[in-house]
Engineer: 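Supplied in C-alpha cells, the structure appears directly below.
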Amino acid sequence: MLCLLYQEGPSTEGIFRRSGSAKTCKELKEKLDSGTEVDLACESIFVTASLFKDFLRNIPGSILSSQLCDKWVSVMDQGNNEEKIKSIQRLIEQLPRANVVLLRYIFGVLHGIEMRSEENQMNAFNLAICIAPSLLWPPVSCNPDIESEFTKKISSLVQFLTENCCRIFGEEITTLFGEI
C-alpha cells in the first residue's frame, strides 16, 4: 500500500482527500482481512488511500498511542521549532518499534506528496487535515466541541511532522523506498 501511495500519490490531485469507492473498499478490506492476496495496483489509488487510512484507524490505541495523547497535543504549545522537534523525538522513543517504523514510512510518503503539492494540491496542511484523525484519537470519547479542538491540534502536529520529517526522522526518510 505504502509503495503505491509513494509512487502514485505525488502525481495524484487530492490524494487522501478524495475517497475511494465505498463498495470496492469494503470488498477489498474483507479480502485483506481474510488473508486473500489482493493486487492493489489494479485499483484506484483513492481506494488504496482509503484502505490505508482505515488500516491506521484500526490500530488499537492509535499509531501515536492514545496513552501519550495529552503529551502529543501539548507539543505544539511549546516554544520554538527546535524544542518541538526534541519533544516529538522523545515521544517517538516511547512508541513500540513497529509503530516507529510505520511512522517513518508514512511520513516518507507524506513528504514525497508534499514536495509536489503544486501538482497534487496536497500541501502539509491539507495532508494533515486528511490523515491526522487516523493517526491519533483521544483515549475516551468527548463532546463535539472538545473533539473539534483536539482535531485542530492534532492536525497542526501532523502538519509540523510532515514539514519537519527529515529533521525528526532523519534525512534517510527520503530514500526509504529506494528506487521504485
Side-chain angles (χ1 to χ4, degrees), residues 1-19 45-46 48-50 52-53 55-57 59 62-66 68-138 147-180:
M1 267 190 230
L2 283 169
C3 286
L4 279 171
L5 291 168
Y6 178 79
Q7 285 177 290
E8 296 184 33
S11 61
T12 304
E13 188 172 330
I15 190 69
F16 290 117
R17 181 182 291 140
R18 288 181 44 199
S19 296
I45 192 63
F46 298 109
T48 302
S50 294
F52 186 66
K53 288 194 307 186
F55 165 78
L56 291 172
R57 284 189 296 271
I59 293 175
S62 82
I63 191 168
L64 291 175
S65 178
S66 294
L68 299 172
C69 192
D70 292 339
K71 292 178 181 177
W72 284 113
V73 169
S74 68
V75 163
M76 296 310 291
D77 297 331
Q78 295 182 11
N80 63 31
N81 285 356
E82 210 51 52
E83 291 170 19
K84 290 174 185 167
I85 288 170
K86 295 282 186 226
S87 292
I88 288 169
Q89 289 171 328
R90 282 192 297 273
L91 285 169
I92 288 171
E93 288 172 3
Q94 296 177 50
L95 296 172
R97 174 107 176 97
N99 294 37
V100 176
V101 170
L102 182 55
L103 278 172
R104 288 173 53 83
Y105 280 93
I106 291 168
F107 282 97
V109 168
L110 296 178
H111 175 75
I113 293 169
E114 180 202 21
M115 291 293 96
R116 292 186 38 200
S117 62
E118 285 190 26
E119 179 180 350
N120 60 43
Q121 305 301 304
M122 295 301 288
N123 60 25
F125 175 81
N126 292 335
L127 287 166
I129 294 294
C130 296
I131 203 97
S134 301
L135 298 180
L136 182 66
W137 49 86
E147 191 170 327
S148 174
E149 189 60 33
F150 175 82
T151 300
K152 287 178 190 168
K153 287 184 176 189
I154 294 306
S155 292
S156 175
L157 171 69
V158 172
Q159 178 180 351
F160 184 84
L161 280 160
T162 303
E163 292 169 343
N164 295 280
C165 67
C166 292
R167 291 180 61 206
I168 293 166
F169 295 102
E171 288 293 328
E172 64 276 4
I173 198 167
T174 61
T175 59
L176 286 174
F177 292 92
E179 295 295 322
I180 295 181

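Numbers here simply count residues along the sequence, with the first being 1.
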Engineer: Could you give me the CA-CA distance, side-chain angles and deciding distance for Phe125 and Val158, then say whether side chain to side chain contact (heavy atoms under 4.5 Å, CB included) is met?
Structural biologist: CA-CA 8 Å; Phe125 175 81; Val158 172; over 6 Å; no

Engineer: At their closest point, which heavy atom of Cys166 faces which heavy atom of Ile173, and how far apart are they?
Structural biologist: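 Closest pair (atom of Cys166, atom of Ile173, distance): SG-CG2, 3.9 Å.
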
Engineer: Report yes if some heavy atom in the side chain of Trp72 is under 4.5 Å from a heavy atom in the side chain of Leu68; otherwise report no.
Structural biologist: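 Yes, at least one pair of side-chain atoms sits under 4.5 Å.
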
Engineer: Among residues at least two apart in sequence or on other chains, which ones pass salt bridge (charged side-chain N to carboxylate O under 4.0 Å, His left out) with Glu82?
Structural biologist: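 If we apply the salt bridge (charged side-chain N to carboxylate O under 4.0 Å, His left out) test to Glu82, skipping adjacent residues, the hits are Arg167.
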
Engineer: Are the side chains of Thr12 and Asn120 in contact, using a 4.5 Å heavy-atom criterion?
Structural biologist: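 With C-beta onward as the side chain, the pair stays apart.
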
Engineer: Specify the closest pair of heavy atoms between Glu114 and Ala124, including all atoms of both residues, with the distance to one decimal.
Structural biologist: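 Heavy atoms of Glu114 and Ala124 come nearest at OE2-CB, 3.5 Å.
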
Engineer: Using the side chain to side chain contact (heavy atoms under 4.5 Å, CB included) rule, pick out the option among Asn126, Val109, Thr48, Leu5 that qualifies with Ile15.
Structural biologist: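 Among the candidates, only Leu5 passes.
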
Engineer: Output all residues satisfying salt bridge (charged side-chain N to carboxylate O under 4.0 Å, His left out) with Arg116, sequence neighbours left out; order by chain, then residue number.
Structural biologist: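 Checked Arg116 against salt bridge (charged side-chain N to carboxylate O under 4.0 Å, His left out); matches are Glu119.
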
Engineer: Taking all non-hydrogen atoms of both residues, which atom of Cys69 and which atom of Pro138 are closest, and how far apart?
Structural biologist: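 Taking Cys69 first and Pro138 second, the nearest heavy atoms are SG-CA, 3.8 Å.
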
Engineer: Test of understanding: with side-chain contact (heavy atoms from CB on, under 4.5 Å), list the residues that count as partners of Lys84, not counting sequence neighbours.
Structural biologist: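 Checked Lys84 against side-chain contact (heavy atoms from CB on, under 4.5 Å); matches are Val75, Met76, Gln78, Asn81, Phe160.
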
Engineer: Taking it one step at a time, do Leu157 and Val73 satisfy side chain to side chain contact (heavy atoms under 4.5 Å, CB included)?
Structural biologist: CA-CA 8 Å; Leu157 171 69; Val73 169; over 6 Å; no

Engineer: Show, in sequence, the C-alpha distance, side-chain angles and deciding distance for Leu102 and Phe55, and conclude whether the side chain to side chain contact (heavy atoms under 4.5 Å, CB included) test is met.
Structural biologist: CA-CA 12 Å; Leu102 182 55; Phe55 165 78; 3.8 Å; yes

Engineer: Hey, could you give me the CD1/CZ distance between Ile85 and Phe169, rounded to the nearest 0.5 Å?
Structural biologist: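 Between Ile85 CD1 and Phe169 CZ, I get 11.0 Å after rounding to 0.5 Å.
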
Engineer: Of all residues at least two apart in sequence or in a different chain, which pass the salt bridge (charged side-chain N to carboxylate O under 4.0 Å, His left out) check with Arg104?
Structural biologist: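 Partners of Arg104 by the salt bridge (charged side-chain N to carboxylate O under 4.0 Å, His left out) criterion, ordered by chain and then number, come out as Glu172.
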
Engineer: Could you grab the distance from atom CG of Leu127 to atom CD of Glu163, nearest 0.5 Å is fine?
Structural biologist: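 Those atoms lie 10.0 Å apart.
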
Engineer: Walk me through it: do Leu64 and Ile92 pass the test side chain to side chain contact (heavy atoms under 4.5 Å, CB included)?
Structural biologist: CA-CA 8 Å; Leu64 291 175; Ile92 288 171; 5.9 Å; no

Engineer: What donor-acceptor contacts under 3.5 angstrom involve side-chain atoms of residues 129-137, with partners at least two apart or in another chain?
Structural biologist:
residue : atom : partner : partner atom : Å
Ser134  : OG   : Arg57   : NH1          : 3.2

Engineer: Hey, could you give me the NZ/OG distance between Lys53 and Ser19, rounded to the nearest 0.5 Å?
Structural biologist: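 Nearest 0.5 Å value for the NZ-OG distance: 5.5 Å.
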
Engineer: What is the minimum heavy-atom distance between Ser155 and Ala128, and which atoms define it?
Structural biologist: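 Closest pair (atom of Ser155, atom of Ala128, distance): O-CB, 3.2 Å.
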
Engineer: Any side-chain to backbone donor/acceptor pair from Asn123 onto Ser117? Under 3.5 Å, distance only.
Structural biologist: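 Not a single qualifying donor-acceptor pair exists.
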
Engineer: Does the gap between the ring centers of Phe46 and Phe16 come in under 6.0 Å?
Structural biologist: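 Distance test on ring centres: not under 6.0 Å, no.
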
Engineer: Any non-hydrogen side-chain atom of Leu56 less than 4.5 Å from a side-chain atom of Ile106?
Structural biologist: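 The answer is yes; the side chains approach within 4.5 Å.
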
Engineer: What residues form a side-chain contact (heavy atoms from CB on, under 4.5 Å) with Glu118, not counting sequence neighbours?
Structural biologist: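 Glu118 satisfies side-chain contact (heavy atoms from CB on, under 4.5 Å) with no residue once adjacent residues are dropped.
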
Engineer: Rounded to the nearest 0.5 Å, how far does CD1 of Ile88 lie from NZ of Lys71?
Structural biologist: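 Answer rounded to 0.5 Å: 14.5 Å.
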
Engineer: Inspect the surroundings of CG in Asp70 and state if more than 12 heavy atoms from other residues, nucleotides or ligands are less than 6.0 Å away.
Structural biologist: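 No, the 6.0 Å shell around CG holds no more than 12 heavy atoms from other groups.
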
